[in-house]
Every structure is written in structure tokens, then in C-alpha cells.
2 protein chains.
Amino acid sequence: MQNITDELINKGIKPSFIRVSVLNYLRNTIAHPTIETIYNSLKTLIPTLSKTSVYNTVELLADFGLINVVTIDKNESRYDGDIKFHGHFKCEKCNNLYDFSLLDVNYSDLKNFIINTKDVYFSGICANCVKGGV
Amino acid sequence: MQNITDELINKGIKPSFIRVSVLNYLRNTIAHPTIETIYNSLKTLIPTLSKTSVYNTVELLADFGLINVVTIDKNESRYDGDIKFHGHFKCEKCNNLYDFSLLDVNYSDLKNFIINTKDVYFSGICANCVKGGV
DNA sequence: TGTCTTCTTTGTAATGATTACAAATTTATA
DNA sequence: TATAAATTTGTAATCATTACAAAGAAGACA
């Protein structure tokens, strides 16, 4: 938890309880939760929490590069506490999101372009659903 | 135009005027237009056109793999008549969308996964905006 | 041609995630 | 403690997308 607080301070963000809690939550899940899920998960820890605060907080964290926004889902953003470069796979059957390693994205063109974000989104059927699903 | 009609027929889609017009429009632009833009652009050609029909049509075309949906923009989908594999770059300054060549996406993991779509989205500042913008 | 059926198109209303915004609360500062 | 600044909250607005039923067009067949 202290490292989470330090991460915020190092970015010049005041480590309020909500901010620490949201970042800590995202750092410790691989579920790529939605706003709704983050909100519900932290509601017991922070009974006065509002959904607007969750929106505000993830926007702040994303702006400072502490988390990533995953927009693989057209109608609902998901949030990823793992900021190492990797790809996202969305299963069309169970709707789960999986991380996968990306060795390289080999592109040409884009000379003189400044690249700030690289997102790789795959979709299809996950191994679990392929072999019969749950 | 005949090739557009044939493309639809080959997929088993009845080539209505709207469908041919939308597909033809998307095949002949690199602008990655939104629903709004498609609607406005075809309004003169098809005065009775409704926005719902544009939604219906692009969904149909996408379902049959004749166009691609580009969801790089969180709040508005864009449509791409070029179905060859390539990446999309969104300029954070001018909001333009650029295609770029993708030689390879080198991934590990995903064994036994069925991959149906691969989307690569970059964002940053385009060359034009870097050197002073418009 | 007229009728019936089916497919396509349209317009309106609902949905739902996100944003705007001002009030309330908490925290920092003097 | 008083004042200012930042944070959090709740409600209302926004807006792309979807749902859905009615209207219209095309095709089959006698």
C-alpha cells in the first residue's frame, strides 16, 4: 500500500484514500474491471463512494500513465492496472478479457509521427470456450 | 459499382440501393467516416435515408466481413472500407485517423484460442501536427 | 393485375455509459 | 481558528447506439 501511495506522490498526485484504493485495486486484479465493478468492489471499503469519483479517479490515473484504459469493449471502458506493454484478447463467447504477451509490433510508415499509445486488441474464442466452455 | 453489387451478392446479401451506396462510399474513402458522416454524405443521393438504416447497413456489412469497425474513438465508431490488415493511428491534436502498414504482430500465448479479429490502434501526434499543424 | 408474404427501410422512443456542474465536504495554509 | 483550495458527491444533461413497431418496396404466384 505504501508503494501505491508513493507512486501517486511521485507523479505529484495527492494520495487521497479513494485514489490509493482505486489504484491498489487495479494493481491487484487481472480482471480489467469496468467502472461499475470498481465502484461495487470498493463500496464496502468506502461506503460514501460515488460513481462520479470512480470516473474522476480513473481518468486522473490514466492521464498520469498509472493505469491503462482498455476500449476493446465498444460500450463500456475497462481499466488495467498493468501498464507493461501487452495485448488484450476478448472472448466473444464468455466476454472475458485476457492479457497476452506481445513480442513486437512491426510497423512501417508513421515517420515523424509521435506515438504515445499502442493498443493491440484481438477477439475470438478463448481456449476455455473452445473446449466446451464453463 | 457492379463489383460492389457482386460483392454483396457473393455474400448472399440482397444489393439494395442503400447497401450498395454505403459499401461503395466506404470503399472509396480513406477518411474512416462516422455514422453521422456517412449519413450526411449519402443524404443527397438518397433523400429518404434514415440514420437507423445507416446503422443497420454498416452492422450488416461488418457482420459479413465486408467492412471493418474501428473503435479507436471511445465515443463514436468509425467505419473502414479497407479490410486488408493494417493499423490505425489517431492524432490527438487534429483527430484525424491514419492507416499504417503492419508487417507483423508477433504474439505468444493464445494457444488454442481462435482469433477472429486483430486490431492495432496507435495514438499520438501526426507528422502534420508535429511540424506546426494546419 | 391483384393479393399475399417477406424483406427492407423509417421514425420514434428507450437505453445506458459518460460528462457537466454546482453544492457539500475535506484538507491545507496562514 | 478562519480562510482558501482541493476533493468528493449527487443530480441532471448529453449523446451514440439500440429496440421496436409501423410503413414501404420487392418478389412469388395465380
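Values below: all heavy atoms of this structure, side chains included; hydrogens, waters and symmetry mates excluded. A, B, ... follow the sequence lines: proteins, then strands. Residue 1 opens every chain.
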In whole angstrom, give the distance that lies between atom CD1 of A/I13 and atom P of D/dA6.
15 Å
Can you list everything that forms a side-chain hydrogen bond (donor to acceptor under 3.5 Å, both in side chains) with A/N95? Sequence neighbours excluded, please.
none
Here the salt bridge (Lys or Arg N to Asp or Glu O under 4.0 Å) pairs for residues 89-111 of chain B, sequence neighbours left out, are B/D73-B/K90
Contact boundaries on DNA chain C for chain B, cut-off under 4.0 Å to non-hydrogen atoms:
C/dC7 to C/dT19
Would you please name every residue forming a side-chain hydrogen bond (donor to acceptor under 3.5 Å, both in side chains) with B/T117, sequence neighbours left out?
A/S123
Any residue in residues 46-54 of chain A with a heavy atom nearer than 4.0 angstrom to DNA chain D? Just list them by number, or reply none.
A/T48, A/L49, A/S50, A/T52, A/S53
DNA chain C contacts made by residues 64-81 of chain B, counting heavy atoms under 4.0 Å
B/K74
Which residues pass the ring-ring contact (aromatic ring centres under 6.0 Å, His included) test with A/H88, not counting sequence neighbours?
A/H32, A/H86
Mind checking ring-ring contact (aromatic ring centres under 6.0 Å, His included) for A/Y121 and listing every partner two or more places apart, or none if nothing turns up?
B/Y121
Salt bridge (charged side-chain N to carboxylate O under 4.0 Å, His left out) partners for B/K14, two or more places apart:
none
Give the other cluster members for A/F89, using side-chain heavy-atom distances under 4.5 Å between Ile, Leu, Val, Met, Phe, Trp and Tyr residues; answer none if it is isolated.
A/F85, A/Y98, A/F100, A/L102, A/V105, A/Y107, A/L110, A/F113, A/I115, A/V120, A/F122, B/F85, B/F89, B/Y98, B/F100, B/L102, B/V105, B/Y107, B/L110, B/F113, B/I115, B/V120, B/F122
Any protein N or O atoms within reach of nucleotides 21-27 of chain D? Criterion: under 3.5 Å, listing atom names and distances.
none

Residues in salt bridge (charged side-chain N to carboxylate O under 4.0 Å, His left out) contact with A/K74, at least two apart in sequence or another chain
none
